[in-house]
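First up is the structure itself, then whatever we jot down about it.
A note on names: the letters A, B, ... follow the listed sequences, proteins ahead of strands, and every chain is numbered from 1.
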Amino acid sequence: MHARPHSFVIVRWWFILNVYAISKAMSITPFDEIIEQNDQTAARREHLEKLRELVGNPYPNKFGRSALSGEEDTITRLLAHPPVAEINAEMHAILASLGEGERPPAEKKDALNERLKALGNVRIAGRMAVPPRVMGKAAFVHLSDGISRLQVYVRKQDAVAISNATGEAIDEEGKAWEVFGYLDHGDFIGVEGYLFITNTGELSVHVEKLQFLAKAMLPMPDKMHGIADPEIRQRQRYADLIASSLQIEHDGLTTREVFERRAKLISSIRHFLEDHGYIEVETPMLTPKATGAAAKPFVTHHNALDIDLYARIAPELYLKRLVVGGFEKVYELNRNFRNEGISYKHNPEFTMLEFYCAYMDVNGMMDFCEELLRQSVMKATGGLVIEYEGKTIDFSNFRRLSMADAVSEPGAVATGLSDSELLERFETDVEHTLIQPTFIIDFPKSISPLSKASPENPQIAERFELFINGMEVANGFSELNDPREQYDRFADQMQARERGDEEAMVLDEDYIRALSYGMPPAAGIGIGIDRLTMLLTNKHSIRDVILFPHMRPEKRSATEDTESTE
RNA sequence: GGUCCGAUAGCUCAGUCGGUAGAGCAAAUGGCUUUUAACCAUUGGGUCCCAGGUUCGAGUCCUGGUCGGAUCACCA
């Protein structure tokens with residue numbers, strides 16, 4: 001420390017003070033207030049400076065990983081590489097045959113180690129997933145690539161450090177060991193060495209070259225408990241994801257697995273639709289009219305045009321314009337925005353799949369929806385039966401039940417109910433009881449302004465909603481394509497609006513014009529992807545299946561009264 | 001918005017009847033050349049969410065507030 005020239009210290013202090021003054025003047029949060037300062041971060045900061053002295057730039061630009069598997073090896077890929085996987089499996093078979101605390105016989109281990117060494121050196125990189133276990137002149141640590149972890153073994157006399165200035169080995173006794181001493185749980189390092197199996201039977205890399213790659217300035221989440229505070233889990237999803245990869249034991253899916261499953265669901269939906277001739281499109285997110293659903297919109301303003309725009313509440317009317325234009329099978333899988341309450345099943349922006357198929361009616365759509373869900377659930381979870389909060393939900397059969405029958409099911413026959421009474425009885429008495437996948441059909445026409453009436457009963461809409469675990473997951477209907485009738489339905493909605501129903505649908509004149517060009521008979525559906533994901537991942541809250549759910553802005557002491565972020 | 005629950009060390013949590021602020025992990029220092037929730041020894045670390053009140057004395061009791069969670073009502 002005292003080796004540092006005085007002028008340097010002064011310049012450094014001047015710099016720190018100056019930066020602080022600048023951040024004050026601009027009313028931005030000073031760096032040191034963005035991350036909390038404590039003994040943990042102070043130690044890491046000291047380590048960072050030591051590493052800078054030892055290897056140069058502590059944030060180098062790259063590290064070339066090896067390619068045993070044919071492509072650049074992540075830890076996961078290296079472990080899956082056939083010779084490695086095979087030897088590892090043989091070791092595990094030996095371990096499985098041993099009693100508690102017993103070690104594998106040396107001859108067998110040595111034979112496997114011969115085969116591993118013949119594979120040559122490997123180069124892998126990752127985050128230090130545990131604090132290093134240092135034993136005098138040797139140490140073990142695990143590196144993680146976010147999915148898998150691999151142990152590395154650093155022995156003082158065997159390892160050399162790589163300089164980040166030259167990219168070459170630093171030819172100095174014990175340098176790598178010194179570097180290793182300043183590594184913290186969570187740092188990124190790259191190593192080169194040979195694979196071997198330890199006395200306890202764990203596949204490891206015997207390190208010959210060690211390169212420092214990036215510092216973690218903040219301490220890692222608790223290795224046993226992860227992050228307990230749900231707010232931090234959602235607000236700092238990055239930390240939650242780190243925690244889920246570091247945690248040794250956990251119940252259910254890790255956070256990463258939840259989002260991998262979500263991705264799998266979405267990709268299998270896309271494949272299914274594309275296999276059936278659907279084309280994916282993108283329609284406006286910023287729209288001059290918030291319509292196509294019953295909901296309150298977010299409003300924003302376009303300066304150049306000087307008009308208000310609305311974040312879309314549904315893509316429905318745009319997609320049907322495309323059916324008019326000749327896209328007979330069309331889908332969009334993207335966000336909708338609704339300026340309404342937040343709850344365990346509502347987020348202000350949510351992901352919706354909508355698709356339309358020409359010449360199909362509501363019954364065909366229910367059949368297709370069942371098939372789509374069965375295939376996607378199978379691909380995402382590996383089966384058709386899922387466990388959700390202690391309940392077993394079976395996707396192999398979907399019930400179909402009219403709303404009137406659903407309401408009268410418990411006993412009394414519901415006759416002479418008005419549309420709104422029927423709907424209310426359904427929502428309060430029946431909805432929460434629909435655990436197994438159930439299509440509720442025969443909706444009152446008056447609450448379905450975009451759907452066709454049933455040919456048998458003009459008061460009934462050819463519409464369904466799919467309920468699973470008491471939650472609405474999908475909504476579909478035979479699309480109304482008579483422009484005159486659609487106009488009259490909009491007119492009714494506009495009257496309801498004037499009576500104060502903020503969610504009544506807004507007339508879209510251009511949509512009426514589009515229908516006037518002629519739209520083939522068609523069926524359409526919207527499927528809530530977040531809610532479906534909740535079911536498939538056994539998550540109670542929509543916030544657990546959205547990477548960055550909407551949250552109140554975080555309060556920071558420095559900017560508290562000067563600025564409120566959005 | 002209503003109701004219920006919670007906030008204590010960097011993290012996860014104890015804290016009895018109102019009487020000196022605790023543990024494990026993490027950190028620092030030393031030891032240890034095949035460990036694995038490494039181990040052993042030592043050390044540091046607290047605005048007990050905020051404000052007020054009761055009391056000789058408040059982490060603990062009371063009132064108000066902030067933030068969060070669960071739940072109910074409206075929306076998918």
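- A:Glu370 and A:Arg400 are joined by a salt bridge, as a carboxylate oxygen and a charged side-chain nitrogen come within less than 4.0 angstrom of each other.
- Rounded to an integer number of Å, the gap from A:Gln236 CD to B:C11 C1' is 12 Å.
- Contact of the A:Val152 side chain with the A:Leu210 side chain is not registered, since no non-hydrogen atoms from C-beta on lie closer than 4.5 Å.
- Within the 4.0 angstrom heavy-atom criterion, base atoms lie near A:Asn347.
- Separation of the P atoms belonging to B:G44 and B:U29 is 15 Å when rounded to the nearest angstrom.
- A:Val134 comes within 4.0 angstrom of a base, heavy atoms only.
- For the pair A:Asp429 CG and B:A73 P, the interatomic distance rounds to 12 Å; values are reported in whole Å.
- Going from the P atom of B:G57 to that of B:U20 covers 15 Å, rounded to whole Å.
- Checked against B:C67, B:U34, B:U71, the side chain of A:Arg103 finds its nearest nucleotide in B:U34.
- For B:U35, its base never sits under 3.5 Å from the side chain of A:Glu202 at any donor and acceptor pair.
- For A:Asp222, taking side-chain heavy atoms from C-beta onward, the closest of the listed nucleotides B:U35, B:G68, B:C25 is B:C25.
- In this entry the distance linking CG of A:Asp240 with P of B:U12 reads 12 Å, nearest Å.
- At the phosphate of B:U71, OP1 or OP2 sits under 4.0 Å from a side-chain N or O atom of A:His540.
- Within the nucleic acid shown, A:Ala294 comes within 4.0 Å of sugar-phosphate atoms alone, with no base atom in reach, counting heavy atoms only.
- Within the 4.5 Å cutoff, the side chain of A:Phe355 has no heavy atoms near those of the A:Val330 side chain.
- Paired runs in RNA chain B that reach 3 or more consecutive Watson-Crick or G-U pairs, where each pair keeps both distances under 3.5 Å, cover B:1-7 with B:66-72, B:10-13 with B:22-25, B:27-31 with B:39-43, B:49-53 with B:61-65.
- If you check B:C13, B:U35, B:A26 against the side chain of A:Ala228, the one that comes closest is B:C13.
- Proximity note for A:Asp184 (side chain, C-beta onward) versus B:A28, B:C32, B:C67: the nearest is B:A28.
- For the side chain to side chain contact (heavy atoms under 4.5 Å, CB included) test with A:Arg127, the passing option among A:Leu143, A:Ile242, A:Asp187 is A:Ile242; the others fail.
- Rounded to an integer number of Å, the gap from A:Trp177 CH2 to B:G31 P is 12 Å.
- Rounded to the nearest Å, the gap between the C1' atom of B:A21 and that of B:U60 is 12 Å.
- Following rounding to the nearest Å, A:Leu246 (CG) and B:U12 (C1') show an atom-to-atom distance of 15 Å.
- Nucleotides B:C74 and B:G68 have their C1' atoms positioned 23 Å apart, rounded to a whole Å.
- Set against B:A70, B:U35, B:G10, the side chain of A:Asn38 has B:G10 as its closest nucleotide.
- The side-chain heavy atoms of A:Leu422 and A:Met403, taken from C-beta on, include a pair separated by under 4.5 Å.
- Closest to the A:Tyr153 side chain, of the nucleotides B:U12, B:C67, B:U34, is B:U34.
- Contact between the side-chain N/O atoms of A:Arg543 and the OP1/OP2 oxygens of B:G69 is found at a separation under 4.0 Å.
- Atoms CD (A:Gln40) and C1' (B:A9) sit 9 Å apart, rounded to a whole Å.
- Remark: side-chain polar atoms of A:Thr291 are paired, donor with acceptor, to backbone N or O of A:Val506 under 3.5 angstrom.
- To the nearest whole angstrom, the two C1' atoms, one in B:A9 and one in B:G65, are 26 Å apart.
- Distance, A:His47 NE2 to B:G10 P: 18 Å, rounded to whole Å.
- Evaluation of atom-type donor-acceptor distances gives a pair under 3.5 Å for the side chain of A:Asp39 against the base of B:G44.
- Checked for salt-bridge contact, A:Arg497 and A:Glu502 miss the test: no charged N lies under 4.0 Å from a carboxylate O.
- Taking atom P in both B:G19 and B:U33, the straight-line distance is 49 Å, to the nearest Å.
- The phosphate of B:A38 (OP1 or OP2) has a side-chain N or O of A:Arg133 nearer than 4.0 angstrom.
- Position along RNA chain B of the nearest nucleotide to A:Ile342 versus A:Pro348 favours A:Ile342 as the more 5'-ward residue.
- Remark: A:His142 is not in phosphate contact with B:U35, judged by side-chain N or O atoms under 4.0 Å from OP1 or OP2.
- Of the charged side-chain nitrogens involved, none lies within less than 4.0 Å of a carboxylate oxygen, so that A:Arg489 and A:Asp492 do not count as a salt-bridged pair.
- Residue contacts for A:Lys156: at a heavy-atom cut-off of 4.0 Å it reaches no nucleic acid atom on any strand shown.
- A:Val362 is not listed as a side-chain neighbour of A:Ile441, based on a closest heavy-atom distance of 4.5 Å or more.
- Comparing B:G53 with B:G15, their P atoms sit 29 Å apart, to the nearest whole Å.
- Taking atom NE2 of residue A:His432 and atom P of nucleotide B:C74, one finds them 13 Å apart after rounding to whole Å.
- Residue contacts for A:Glu503: at a heavy-atom cut-off of 4.0 Å it reaches the sugar-phosphate backbone alone, with no base atom in range.
- Rounded to whole Å, the P atom of B:G10 lies 32 Å from the corresponding atom of B:C4.
- Nearest-nucleotide positions on RNA chain B for A:Asn475 and A:Met220 put A:Met220 closer to the 5' end.
- A salt bridge links A:Arg463 to A:Glu465: at least one charged side-chain nitrogen sits closer than 4.0 Å to a carboxylate oxygen.
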